[in-house]
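These notes concern the structure reproduced below.
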Amino acid sequence: MSDRHQRGILDFRSDTVTMPTEAMRKAMHDAPVGDDVYGDDPTMNALQDYAAKLLGMESAIFACSGTMGNLMALMSHCNRGEGVIMGASSHTWKNECGNVAGIAGVMPFPVDDSAGCPSIESVRRAYLPSGNVHYARTALLTLENTHNSAGGVPIPVDIFSAVALEAREMGLKVHVDGARIFDAAAYFNVDVKEYSSKVDSMQFCLSKGLGAPMGSILCGSADFIERAKKHRKALGGGQRQSGIAAAAGLVALRDMRGRLSEDHKNAALLADLLNDAGLAVEAVPRRTNMVYFALPDSCLGISFFADRCAEAGLLLGAATEGRFRMVTHAGLDEGHVKSAVILIKEVLSL
Ligand SMILES: Cc1ncc(COP(=O)(O)O)c(C=O)c1O
């Protein structure tokens, strides 16, 4: 249990605030370890093998974070000066500190992904044909599933597959920022391979809904992962007895995927209750574990509202562009959702 939890604070900021379970802590304590830069850590090797099998891909590598996993993928797929087609509201475009350009030296071609998945037409339009000496070679398409800023929207397998197939036929590689790919698989009740088998690489986070304290996994072909390993080292992400982290990751992958639909149920309840309370909840076609909302026009200022909620013991995702985000996760149940909405109503009536 987190210190915040013990103090009765309801933390809806993100699914990254989850605390390691007892089983994770025990596994970390007991894990056999070695120097992972030499490939000697048996627990890390077990996690990477497990993850590769789960996604049906040849190989997998641990990354310190989702951001690092995405960056390693970009650097392994693209040479400097090449182009990547990516969603204009995707995490890689907006929330990874410009590392695509600043570190990878890759040219982003943003496309509309406000509904979650870019359309085939938008990918075709963004693609610069090879053969023209002026153009950057378009090397990669990145997709995000579930799509965070579109509302945590999971992309249906048929739409995802059609876009990925089209991109590959155009000669592009396809990388998926699958920070929450198991939420998408849980939502549609499909095997995650339905997604991973259609693309060249996929990154997923252990530290979000799955509840591990740290880390992400990048999967792909054996050659690709060898390149990613080199980039990870260059980025300072080669770690030593990292089996300590891998042990928690293994428990997360084995034990926590099965409970993600509880988070989705709680988020659906939260959305209904917030609507009833008069907040402008963003409608989404499919809801996983996120709820975005805005304050009614007549209402208090954004920071006044967030500060009063925090004082009352409720933490919300910071409002960017006037949107608040609340995320359900393993540390929150139906009772917490109801209590949060009661607190919000009290703040709104101030
Ligand atoms: C969709 C998405 N991708 C990537 C990341 C980056 O993960 P990390 O915070 O581990 O770098 C996040 C983080 O919230 C995310 O929501």
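Note that these values count all heavy atoms, side chains included, but never hydrogens, waters or copies made by symmetry. Atoms within each ligand, like the ligands themselves, are counted from 1 in listed order.
A salt bridge is defined here as a Lys NZ or Arg NE, NH1 or NH2 lying under 4.0 Å from an Asp or Glu carboxylate O, and R168 with D200 meets this definition. Salt bridge D223/R227: absent, no basic N to carboxylate O contact under 4.0 Å. Between R259 and D263, at least one side-chain nitrogen of the basic residue sits less than 4.0 Å from a carboxylate oxygen of the acidic one, meeting the salt-bridge criterion. Ion pairing of E334 with K338 is present here, as a side-chain N (NZ or NE/NH1/NH2) and a carboxylate O approach within less than 4.0 Å. In this structure, K265 does not pair ionically with E262, as no charged nitrogen and carboxylate oxygen lie closer than 4.0 Å.
At least one N or O atom of G66, backbone or side chain, sits closer than 3.5 Å to an N or O atom of ligand 1. On a distance-only criterion, D177 and ligand 1 share at least one N/O pair closer than 3.5 Å. Here's the thing with T16: none of its N/O atoms is less than 3.5 angstrom from an N/O atom of ligand 1.
Those atoms of ligand 1 with a heavy atom of S65 less than 4.0 angstrom away are 10 (O), 11 (O). With ligand atoms numbered from 1 in the order given, ligand 1 contributes 6 (C), 7 (O), 8 (P), 11 (O) to contacts under 4.0 Å with heavy atoms of T67. The E144 neighbourhood of ligand 1 comprises atoms 1 (C), with distances under 4.0 Å to a heavy atom of that residue. Close approach to R180 involves these atoms of ligand 1, each under 4.0 Å from a residue heavy atom: 1 (C), 14 (O), 15 (C), 16 (O).
Looking at E96 against ligand 1, only its side chain comes within 4.0 Å, counting heavy atoms.
When M290, K208, Q203 are ranked by how near their heavy atoms come to atom 7 (O) of ligand 1, first place goes to K208.
The only member of N289, L210, T288 that meets side-chain contact (heavy atoms from CB on, under 4.5 Å) when paired with L260 is L210.
Judged purely by distance below 3.5 Å, without hydrogens or angles, the side chains of H91 and E96 pair a donor atom with an acceptor atom.
Of the protein's non-hydrogen atoms, H91 CD2, 3.2 Å is the one closest to atom 15 (C) of ligand 1.
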